[in-house]
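So the structure is just underneath, and the comments pick up after that.
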Amino acid sequence: WMCAVEPDLESLGGELQRKLFTVEGQGPVMEFWLSSRLKKYNTEVATKTAALIGNDYIKCESLKAKLQTQFPARSGEDAAKDTTTAEGGGWISLDGPTALADALVQWLGENSPGFFCPKHTLARETITNVLLRFSSLFEVDQVRLRARVRVAGA
């Protein structure tokens, strides 16, 4: 949208990419660089989360509680709902930037001194794998790319 508002940005962006992300003999490497950074951040989040919750019951419980607050409240009536939309039945979408990713990154920052992960870098698979560690608390629909809190007794 920025290029539509300010057409000069498109040419400036292209020039910047050529200067900073072009390697002689290989051409543009920006996509390679970006995908390697995203992989690095996601691997670090998965590894650090597993280490922290695997070794410390209190941290494990605090992460569960932090993630649980990101979901809408559910009642026993919701347990029977299985709507096709992410919004119904307590479901939230796992596709795109999510409050779950923000909560996970914030929790890691609070529990791992020096930890850094930029916003909007966590992949759906990373978030899904964290939720699956707590499968007694969270239900993950990997087909529809959504998750919800399980209702007790359902």
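Residue numbers run from 1 in the order of the sequence given.
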Nearest-0.5 Å distance that lies between atom CD in Q142 and atom CG in L131: 10.0 Å

So which atom in N111 and which in L52 form the shortest heavy-atom distance, rounded to 0.1 Å? O-CD2, 3.8 Å

Could you give the distance from CD (E15) to CG (L20), rounded to the nearest 0.5 Å? 9.5 Å

Check: R37 side chain, W33 main-chain N or O, donor-acceptor pair, under 3.5 Å: no

Kindly check if the number of other-residue, nucleotide or ligand heavy atoms within 6.0 Å of NZ (K39) is above 12? no

After noting the C-alpha distance and the side-chain angles of R146 and I92, does the key distance pass the side-chain contact (heavy atoms from CB on, under 4.5 Å) rule? CA-CA 5 Å; R146 62 189 185 164; I92 61 170; over 6 Å; no

Determine, stepwise, if the pair L16 / L12 fulfils side-chain contact (heavy atoms from CB on, under 4.5 Å). CA-CA 6 Å; L16 186 63; L12 288 173; over 6 Å; no

Which heavy atom in F138 sits nearest to a heavy atom in K64, and how many Å separate them? CZ-O, 4.0 Å

Please give me the minimum heavy-atom distance between C60 and F134, naming the atom from each residue. SG-CE2, 3.5 Å

side-chain contact (heavy atoms from CB on, under 4.5 Å) evaluation trace for N129 with T49: CA-CA 10 Å; N129 289 335; T49 301; over 6 Å; no

Between T22 and Q17, is any pair of side-chain heavy atoms under 4.5 Å apart? no

Do any N or O atoms from the side chain of S11 and from the backbone of D8 form a donor-acceptor pair under 3.5 angstrom? yes

Derivation and outcome, side-chain contact (heavy atoms from CB on, under 4.5 Å), residues W91 and E139: CA-CA 9 Å; W91 293 104; E139 181 180 354; 3.6 Å; yes

Distance-only criterion, 3.5 Å: show the donor-acceptor pairs between side-chain atoms of residues 97-109 and protein atoms not counting sequence neighbours.
unit_1	atom_1	unit_2	atom_2	d
T98	OG1	L100	N	3.4
T98	OG1	A101	N	3.0
Q106	OE1	K66	NZ	3.3
Q106	NE2	E110	OE2	3.4
W107	NE1	S62	OG	2.8

Above 12 or not: heavy atoms from other molecules or residues under 6.0 Å from CD1 of I58? no

Heavy-atom closest pair (A50 atom, R133 atom, distance to 0.1 Å) is CB-NH2, 3.1 Å

Check whether any side-chain heavy atom of Q68 sits under 4.5 Å from a side-chain heavy atom of L137, and report yes or no. yes

Of the non-hydrogen atoms in T121 and C117, which two are nearest, and what is the gap between them? OG1-SG, 3.1 Å

E24: which residues meet the salt bridge (charged side-chain N to carboxylate O under 4.0 Å, His left out) condition with it, sequence neighbours left out? none

Using the rule that Ile, Leu, Val, Met, Phe, Trp and Tyr join whenever any side-chain heavy atoms are under 4.5 Å apart, tell me whether Y41 and L63 fall into a single cluster. no

Mind checking whether V130 and I127 have side chains closer than 4.5 Å, heavy atoms only? no

Provide the closest heavy-atom pair for S35 versus F32 in the form atom of the first, atom of the second, distance. OG-O, 3.1 Å

For D141 and A147, indicate whether the former's side chain and the latter's backbone hold a donor-acceptor pair under 3.5 Å. no

Could you pull out all residues at least two apart from E125 that satisfy salt bridge (charged side-chain N to carboxylate O under 4.0 Å, His left out)? none

